[in-house]
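This report concerns only the one structure given below.
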Amino acid sequence: LKNSLNGILKPNIRIKEVSRCANDFHSRFDAKIRYYQYAISLKPTAINRAFAWQIFFPIDLDLMQEGAKIIFQTKDFKTFCKTKSDVKNHHCEVTESHWFYRNEFLVYEIAANRFLHGMVRAIVGTLVDLGRAQIDLKYLKKIIEKRDRTLVLNTAPAHGLCLEKIIY
């Protein structure tokens, strides 16, 4: 089944494992943890430009890592949810939030029990704003407390975002 599915899927989607599940299994609602990664290229790239946000300004990675720690401690993500999203609450349990280098890319990894519409891209855009001194840690904490999406100044483009793994 795995080989057959991989044979007909587009090249950017891969099935790594197949297992039996309950008849009432739901791929969205039964997921326990989802892992997203967002890639940023800090220098021009031709081949990977469709898979990473290219930025050409200096950033303070230590400050962005501090911001990632604040995201890790956050429970209510209304600030980072697109307006008019149809959700009952904005609470997410983040289990990972950190930056690291992978080859020539700066990567943000975040894992949580659920994600809101536009959440990861809004977080990445805000953390990049923090790293380029457009905002400070005090402002980051303020916008989280205010729960107001209009205070998010920058949303990262979609092409750097990748759903890496889902744990059921």
Side-chain angles (χ1 to χ4, degrees), residues 12 28 31-168:
N12 59 342
R28 179 176 170 201
K32 302 293 181 208
I33 301 175
R34 298 154 177 88
Y35 287 81
Y36 278 94
Q37 290 186 351
Y38 192 95
I40 295 176
S41 177
L42 301 174
K43 59 184 182 178
T45 177
I47 295 172
N48 291 312
R49 88 173 101 204
F51 305 105
W53 180 15
Q54 295 184 72
I55 59 175
F56 305 113
F57 42 80
I59 56 172
D60 182 340
L61 182 57
D62 291 334
L63 197 53
M64 291 167 64
Q65 208 68 276
E66 287 300 312
K69 289 177 187 174
I70 292 170
I71 296 301
F72 178 77
Q73 296 165 351
T74 300
K75 299 296 178 209
D76 187 319
F77 287 89
K78 184 171 184 180
T79 298
F80 301 107
C81 181
K82 284 197 172 188
T83 55
K84 299 180 183 174
S85 290
D86 186 26
V87 294
K88 293 180 180 167
N89 71 68
H90 298 91
H91 293 267
C92 304
E93 295 295 324
V94 174
T95 56
E96 289 189 39
S97 174
H98 60 99
W99 290 93
F100 64 92
Y101 282 103
R102 181 175 52 220
N103 301 321
E104 71 270 14
F105 296 102
L106 177 59
V107 178
Y108 177 64
E109 182 171 61
I110 184 167
N113 65 327
R114 66 188 281 240
F115 287 91
L116 305 171
H117 191 212
M119 178 175 153
V120 177
R121 291 177 48 217
I123 289 171
V124 170
T126 302
L127 294 177
V128 167
D129 280 349
L130 181 65
R132 63 188 287 200
Q134 299 293 309
I135 64 170
D136 57 20
L137 290 170
K138 186 176 178 181
Y139 184 83
L140 175 59
K141 291 175 185 175
K142 175 185 160 190
I143 67 170
I144 291 169
E145 288 170 12
K146 293 275 186 190
R147 303 178 72 235
D148 183 354
R149 173 64 182 220
T150 64
L151 298 174
V152 172
L153 306 176
N154 189 13
T155 298
H159 59 269
L161 183 64
C162 182
L163 175 62
E164 285 289 320
K165 180 169 55 171
I166 302 171
I167 306 293
Y168 291 100

ask   = So, does D148 use its side chain to make a donor-acceptor pair with the main chain of T150 at under 3.5 Å?
value = yes
query = For the residue pair T126 and A122, what are the closest heavy atoms and their distance?
reply = OG1-O, 2.8 Å
query = Are side-chain heavy atoms of R114 and V87 found at a separation under 4.5 Å?
reply = yes
task = To the nearest 0.5 Å, tell me how far Y36 OH sits from E164 CD.
result = 11.0 Å
inquiry  = For a quick test of reading the model, state the closest non-hydrogen atom pair linking A68 to S97 and the distance between them.
reply    = O-OG, 2.7 Å
ask   = Does a salt bridge link E104 with K43, judged by any charged N lying under 4.0 Å from a carboxylate O?
value = no
request  = Could you tell me the separation between the CD1 atom of I59 and the CG atom of D129, rounded to the nearest 0.5 Å?
outcome  = 11.0 Å
task = Kindly compute the distance separating CG (L116) from CG (N89), expressed to the nearest 0.5 Å.
result = 8.0 Å
task = Report yes or no: does N48 contribute a side-chain atom to a donor-acceptor pair with the main-chain N or O of F51 at less than 3.5 Å?
result = no
inquiry  = Within the structure provided, determine whether L153 and I135 are in side-chain contact (heavy-atom separation under 4.5 Å).
reply    = yes
request  = State the OH-CD1 distance between Y168 and I166, to the nearest 0.5 angstrom.
outcome  = 4.0 Å
task = Run the numbers on Y35 and L163 for side chain to side chain contact (heavy atoms under 4.5 Å, CB included), then give the verdict.
result = CA-CA 6 Å; Y35 287 81; L163 175 62; 5.8 Å; no
query = For K84, does the NZ atom sit with more than 12 other heavy atoms under 6.0 Å from it, leaving out its own atoms?
reply = no
message = Minimum heavy-atom separation for L137 and G67, please, with both atom names.
response = CD2-N, 4.0 Å
task = For Q65 and W99, indicate whether the former's side chain and the latter's backbone hold a donor-acceptor pair under 3.5 Å.
result = yes
inquiry  = Tell me which one of L42, L106, I40 satisfies side-chain contact (heavy atoms from CB on, under 4.5 Å) with W53.
reply    = I40
remark   = Distance col, row Y139:OH vs Q134:CD, nearest 0.5 angstrom, shows 11.0 Å
note = Nearest heavy-atom contact between T95 and A112 is OG1-N, 4.1 Å
query = Between M119 and C92, is any pair of side-chain heavy atoms under 4.5 Å apart?
reply = yes
ask   = Short question: side chain of H117, backbone of S85 - any donor-acceptor pair under 3.5 Å?
value = no
request  = Please tell me if the side chains of Y38 and I123 come closer than 4.5 Å, counting only heavy atoms from C-beta onward.
outcome  = no
ask   = Is there a donor-acceptor pair closer than 3.5 Å between any side-chain N or O of T155 and the backbone N or O of R121?
value = no
inquiry  = Is it the case that the side chain of R34 and the backbone of F115 share a donor-acceptor pair, with hydrogens and angles ignored and the cut-off at 3.5 Å?
reply    = no
ask   = Any side-chain heavy atom of L61 sitting closer than 4.5 Å to one from Y101?
value = yes
ask   = Quick one: CG on L130 to CD on E66, what's the gap to the nearest 0.5 Å?
value = 9.0 Å
Check: Q54 side chain, T45 main-chain N or O, donor-acceptor pair, under 3.5 Å = yes
inquiry  = Whether the side chain of R147 engages the backbone of T79 through a donor-acceptor N/O pair (distance < 3.5 Å, no angle test) should be reported.
reply    = no
message = Contact between E109 and F100 at the side-chain level, heavy atoms closer than 4.5 Å - yes or no?
response = yes
ask   = Looking only at heavy atoms, which two atoms of F80 and R149 are closest? And how far apart?
value = O-NH1, 2.9 Å
Check: D76 main-chain N/O paired with T74 side-chain donor or acceptor under 3.5 Å = no
request  = Side-chain contact test, heavy atoms from C-beta onward, threshold under 4.5 Å: evaluate it for H98 versus K69 and give yes or no.
outcome  = no
ask   = Does the side chain of I144 reach to within under 4.5 Å of the side chain of I71, using non-hydrogen atoms?
value = yes
Nearest atoms (heavy-atom pairs only) where A52 meets S41 = CB-N, 4.0 Å
Polar side-chain atom of N113 near backbone of E93 as donor-acceptor pair, under 3.5 Å = yes
ask   = Between K142 and E145, is there a salt bridge with N-O shorter than 4.0 Å?
value = no
